[in-house]
Amino acid sequence: MRVNEILAGVMLVSLILYSLLGGADYGAGFWDLLCSGPRRQQQRHLIEEAIEPVWETNHVWLILVVVLMFSGFPEAFATICTALAVPLLLILLGVVLRGSSFVFRAYFTGSVRTQLYWGKVFSISSSLTPLFLGIVIGGISGDSVLVRDGISQTGYLRPWLQPFPLAVGILSLSLFAYLAASYLTNETNDRQLQEDFRMRALASGLVSLLAAFATYVIAGNSAREIRDGLSASPAVWSIEAFAAMAALIAFHGLWSRHFMRAKVASAIQVGLIILGWGVAQYPFMVRPSLTIDLTAAPANVVLDLIIAVGVGAAVLIPSIVLLLAIFKSNQDPDARSSN
Amino acid sequence: MDNLFAARSQMGISLAFHIIFAVIGVSLPLMMTIAEWKWRRSGDETYLLLAKRWAKGTTILFAVGSISGTVLSFELGLLWPRFMQFAGAAIGMPFSLEGFAFFIEAIFLGIYLYGWKRIPPWLHLLSGLIVALSGLLSATFVTLVNGWMNTPTGFETLNGKIIAVHPLAAMLNPAGLPEAAHMVLAAYTAGGFAAAGIHSWLLLRRGRNRLDEAGIAIALTVGGCAVLLQGVSGDALARMVAKTQPMKLASLEGQFATEAGAPLRIGGIPFPDEKETKYAINIPHGLSLLAFHQPDAVIKGLDEEPPRDWPDVRAVHLSFQAMVGCGVLLSLVTLTAAWLSWRHGPLGGQRRLLKVLVLAGPLGFVALEAGWMVTELGRQPWVIYHLMRTSEAVTSFPNVGAVLWAMTALYLVLAVIVAWLLGKHVFSSPDIRNTSAAEAYR
């Protein structure tokens, strides 16, 4: 049924946007954990300024994915929530701690020690959340999420506590960190700060390449089907080829200090990687047994949801463009901190 | 602790926590925008100061609300996977629309909070208005879902599975819109009276100043108008419940036996074992009049259904009494304040009224929580009224109890920190009387 695939496509696009926008905010939190050297305070300050006006908006992409999933593919949602309850709860813990500690840090203006403490909570939870997000993605791509009559057939640990989902988790974290560092080089005019994040972008970019390779190898054991999907289909191959090209452009941009180019290319690279995963996952919503059509709501409901998404997007997209135009159009960075 | 009890407790705590922040996300942006509008129109800096104060409060509270809302969207699946599997298609439309409304709210709140110096005045004011409107819309959409759980419509079932859904009919279920109107008004009531109470308390503590007086004026206007309209909305809702969920009405009112010309019970404690509500003040024919606008209308009693299908009648009745009681008190406070300000001028000089406002401050939230208990507990033992029992919806995940304890502890810590932060940033301000705007008033 065509409509089901359109809605699944919308969810995939939301997931990609969440990774490119919200994922980068998590990545920035990860770098907050690793702030070091003489410019430690400036690095923290840059991270805070970059995510402050946008993180709540970026976070809503995740809510959109969740809502569209339970509306359009209720059985898939119920299955994921049952078998992968543990990593989902850990994501929730991360979401709660990340958001609240970020606000708390900004408002505990009195004591530096308290701010440092909240900063730790913020950066640790920012680092753990993408890990578990990746683990959930890995879980639904593997072969262990099986729920019958509301009971997980493989328990509550086995669906995710395995090499393959864990590798996808590490891959997600490294990609988000890479994105964040490459974005952050564009958020400042300070040469030294740009250098700090340039080095971080290059390092995390390399780690993400290694993680991607490792994930592919590990998939041979417990996620053979998605590995076959990744290597068999010509569509996936061409997406992977474009992702590799984008990666080269991004690396070259970072190396030669063309930061704007690196930012755009790294975003395209990560977007294509997730797109490639989505195409390889097709026609499954949750591997190994739930396909898109099998879990979809009645066709008229899916169609109505698509219409609602269209109407929503007509309002949403201009609003987001406005938000980004106001806060991310590199004009006078001093005006940003005042409110 | 069995899974059902743990899951219900966790959902209850999550909702009770979230509703406070969600409601502030609906009401505070409206008040903050009104304050900014008054500043733009009059040039009076007091209103600017007030708008910025309230905006700061909105930042902290909205962040917590968006986090606790995310938790809830996941908990629907984590705690009630069978409910979501069964009902996801039917309730997806309002949830999706709510997602977009929330999106718009977050975007324009970001623009409002961090854009004071970056965008033209009209756009800034418009952003505030959009935040207020999209907050109102999100609250409406979410409540439509709750309406569907009470009066499920717009679908056909076959062998316990929904086969055909009409999303619009499901969204516009009979309980939905009356409930949504009641919820939105409750949000303005709770937010308005809480803000008025806080500013009254500050005014009593730090002496007369323009900031607190302006705050009281705006907040009390919003809260007072809402609570007076709430009477009309409550009546509409009660008549809808009488028609579509007679058992729920019976437990609200502690009505055990079917009766023509049933009395309205004020107060009283239901004793389900003895099938009687004792110690109440009875107003003859009152309930029949209120529910059907006829003095001798027949009110169905709980007796029409087996006791195993009754909700916890005592908790529902007492919550209902608490909600109505708070609403009546707040209406009286509103009318008194309106009369006093008409007769004696600005409220800032009337210390006795200010003390009353301080005491009335929390009542909007008490009514809100009590009202939410009424609708949720009153629907039990059903998660979808007469269609799916709550016990059939719960997850098989074995450790819900442990998760419950962890989450409760986390929320408690958050609540304490948020309260402390608000105290520090929004309420306290030793230099307030020295601002030029405050001086101008004297």
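Chain letters run A, B, ... following the sequence lines, proteins first and then strands; every chain starts at 1.
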Q: Can you measure from CD (A:Glu56) to CD1 (B:Ile67) and round to the nearest 0.5 angstrom?
A: 7.5 Å
Q.
Could you go through B:Thr70 and A:His59, starting from their C-alpha distance and side-chain angles, then the distance that decides it, and tell me whether this counts as side chain to side chain donor-acceptor pair (under 3.5 Å)?
A. CA-CA 9 Å; B:Thr70 311; A:His59 174 73; 2.9 Å; yes
Q) Hey, which residues of residues 126-140 of chain B are touching chain A, say heavy atoms under 4.5 Å apart? A) none
Q) So, for B:Ala106 and A:Val60, which heavy atoms are closest and what is the spacing to 0.1 Å? A) CB-CG2, 4.2 Å
Donor-acceptor contacts under 3.5 Å from residues 79-102 of chain B side chains, at least two apart:
from    : atom 1 : to       : atom 2 : distance (Å)
B:Arg82 : NH1    : B:Val394 : O      : 2.6
B:Arg82 : NH2    : A:Asp149 : O      : 2.9
B:Ser96 : OG     : B:Gly92  : O      : 2.8

(Q) Is there a side-chain contact between A:Val103 and B:Val64 in this structure, where contact means two heavy atoms from C-beta onward sitting under 4.5 Å apart? (A) no
Q) B:Thr395 and A:Cys81: side-chain contact (heavy atoms from CB on, under 4.5 Å), yes or no, with the steps? A) CA-CA 9 Å; B:Thr395 180; A:Cys81 281; over 6 Å; no
Q: Give the minimum heavy-atom separation between A:Glu52 and B:Tyr114, together with the two atoms involved.
A: CG-OH, 3.3 Å
Q: Measure the spacing between CG of B:Leu123 and CG of A:Leu322 and express it to the nearest 0.5 Å.
A: 5.5 Å
Q: Working to the nearest 0.5 Å, report the span between CH2 of B:Trp420 and CZ of A:Phe104.
A: 11.0 Å
Q: Report the option among A:Val309, A:Ile91, A:Val54, A:Val147 that has the most heavy-atom pairs separated by less than 4.5 Å from atoms of chain B.
A: A:Val309
Q) For the candidates B:Pro398, B:Gly69, B:Ser68, B:Ala406, which exhibits the highest count of non-hydrogen atom pairs separated by less than 4.5 Å from chain A? A) B:Pro398
**Q.** Contacts of type side-chain contact (heavy atoms from CB on, under 4.5 Å), residue A:Val121, not counting sequence neighbours
**A.** A:Leu97, A:Ser101, A:Tyr117, A:Trp118
Q: Specify the closest pair of heavy atoms between B:Gly77 and A:Phe77, including all atoms of both residues, with the distance to one decimal.
A: CA-CE2, 3.4 Å
Q) Does the A:Asn300 side chain pair with the main chain of B:Val165, one donor and one acceptor, at a distance under 3.5 Å? A) yes
Q) What do the steps show when you test A:Thr57 against B:Phe108 for side-chain contact (heavy atoms from CB on, under 4.5 Å), and what is the final call? A) CA-CA 9 Å; A:Thr57 303; B:Phe108 282 93; over 6 Å; no
(Q) Under 4.5 Å from any heavy atom of chain B, what part of A:Val96 do you find: side chain, backbone, both or neither? (A) both
(Q) Heavy atom to heavy atom, less than 4.5 Å: which residues from residues 7-25 of chain A reach chain B? (A) none
Q. B:Ile107 versus A:Leu316: any side-chain heavy-atom pair under 4.5 Å?
A. yes
Q.
Do B:Phe397 and A:Leu89 have side chains that approach each other closer than 4.5 Å (heavy atoms only, starting at C-beta)?
A. yes
**Q.** Contacting moiety of B:Val403, where chain A heavy atoms sit under 4.5 Å
**A.** side chain
Q) At a heavy-atom separation under 4.5 Å, does A:Ala76 approach chain B through its side chain, its backbone, both, or neither? A) neither
(Q) Please classify the contact between B:Leu78 and chain A as side chain, backbone, both or neither, with a heavy-atom cut-off of under 4.5 Å. (A) both
Q. Where do B:Gly110 and A:Phe327 come nearest, in terms of heavy atoms and distance?
A. O-CZ, 3.5 Å
